[in-house]
Amino acid sequence: MRGKMKGNTPKTFAMLMLASAMLVTAGCGNSGTKETSESSGTEPITVTFFGADASPTWNKMQDAVGKKITEQTGVTIEAEYDVNDGGNQKIALMAASGDFPDMIYPKGNLSKLVDAGAMLDLTDLIEEHAPNLKKSMGNR
């Protein structure tokens with residue numbers, strides 16, 4: 001049991017970081033519908049996401065963590081994952097076309113997105129609006 005729990009820690013941390021990013025994104029704008037979520041009292045929002053990993057275990061926010069995030073925040077992720085080449089072709093197409101998802105996990109292709117001007121520096125927003133996120137990340 002101990003080994004299994006330890007192996008899930010990076011995935012759980014990644015999901016929590018993704019949830020934090022969604023909350024920052026949700027606070028900055030709303031591309032979702034105008035209906036109010038009954039359980040959370042917030043307006044639902046859908047965030048698009050592309051992940052370069054081939055075998056996601058957390059898909060379509062249908063696990064317990066994803067359902068709780070949606071319940072509490074009204075945020076849903078519309079996710080797409082690369083199953084062929086770690087995002088190489090898809091990210092190159094995004095960079096060339098300028099058509100990007102709201103969030104992306106580029107794995108080894110970050111430089112293509114930086115060169116395309118697709119990456120946003122969230123330092124100032126984190127400094128101003130997310131002191132707990134800043135505290136949890138430390139000086140990285």
Side-chain angles (χ1 to χ4, degrees):
M1 177 80 174
R2 188 175 233 251
K4 184 175 182 182
M5 188 182 275
K6 194 172 191 177
N8 287 334
T9 301
K11 290 177 185 175
T12 302
F13 180 74
M15 287 188 283
L16 291 173
M17 290 306 298
L18 184 58
S20 298
M22 289 187 313
L23 293 175
V24 170
T25 303
C28 295
N30 186 354
S31 62
T33 65
K34 297 295 180 190
E35 297 174 19
T36 300
S37 172
E38 289 179 27
S39 61
S40 67
T42 61
E43 291 185 19
I45 182 173
T46 298
V47 177
T48 56
F49 171 78
F50 175 78
D53 279 334
S55 303
T57 57
W58 186 56
N59 194 3
K60 307 243 188 244
M61 295 186 68
Q62 295 304 307
D63 66 356
V65 173
K67 288 178 181 180
K68 190 68 169 178
I69 290 169
T70 300
E71 177 187 316
Q72 294 290 315
T73 66
V75 175
T76 302
I77 297 177
E78 184 179 301
E80 177 184 352
Y81 297 93
D82 193 320
V83 294
N84 294 317
D85 68 350
N88 294 329
Q89 291 179 6
K90 181 75 173 181
I91 292 172
L93 286 172
M94 289 177 193
S97 70
D99 187 17
F100 302 99
D102 297 316
M103 295 187 304
I104 187 168
Y105 171 63
K107 213 168 180 177
N109 291 296
L110 181 60
S111 62
K112 291 177 186 174
L113 297 173
V114 170
D115 292 344
M119 300 307 294
L120 298 176
D121 183 354
L122 298 178
T123 305
D124 293 339
L125 287 172
I126 291 170
E127 182 75 33
E128 184 178 346
H129 300 287
N132 292 333
L133 180 60
K134 181 180 176 187
K135 188 170 36 174
S136 74
M137 295 302 294
N139 294 328
R140 294 181 188 203

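Owing to the predicted nature of the structure, the values given are computational and were not obtained by experimental measurement.
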Following the transitive rule for hydrophobic clusters with a side-chain heavy-atom cut-off under 4.5 Å over Ile, Leu, Val, Met, Phe, Trp and Tyr, establish whether I45 and F100 coincide in one cluster.
no
hydrophobic_cluster_shared for Y105 and V114, side chain cutoff 4.5 Å
no
Considering all heavy atoms of both residues, which atom of M94 and which atom of F50 are nearest to each other, and what is their separation?
CE-CG, 3.6 Å
Can you see which heavy atom on Y81 is nearest to which on D53, and at what distance?
CB-O, 3.6 Å
For the atom pair NZ (K107) and CG (N88), what is the distance rounded to the nearest 0.5 Å?
9.5 Å
I need the T123 OG1 to E128 CD distance, nearest 0.5 Å.
13.0 Å
Could you pull out all residues at least two apart from K112 that satisfy salt bridge (charged side-chain N to carboxylate O under 4.0 Å, His left out)?
none
Tell me if a side-chain donor or acceptor on T70 pairs with a main-chain N or O of V75 at a distance below 3.5 Å.
yes
Backbone of G87 reached by a side-chain donor or acceptor of D82 within 3.5 Å:
yes
By the definition side-chain contact (heavy atoms from CB on, under 4.5 Å), identify the one residue from I77, D102, I104 that meets it with T48.
D102
Test T76 against V47 for side chain to side chain contact (heavy atoms under 4.5 Å, CB included), laying out the working first.
CA-CA 6 Å; T76 302; V47 177; over 6 Å; no
Test side chain to side chain contact (heavy atoms under 4.5 Å, CB included) on M119 and L110 and set out the steps.
CA-CA 9 Å; M119 300 307 294; L110 181 60; 3.6 Å; yes
Is it true that atom CG of D115 has more than 12 heavy atoms of other residues, nucleotides or ligands lying nearer than 6.0 Å?
yes
Verify side chain to side chain contact (heavy atoms under 4.5 Å, CB included) between N132 and K135, making sure each step is shown before the conclusion.
CA-CA 5 Å; N132 292 333; K135 188 170 36 174; 4.0 Å; yes
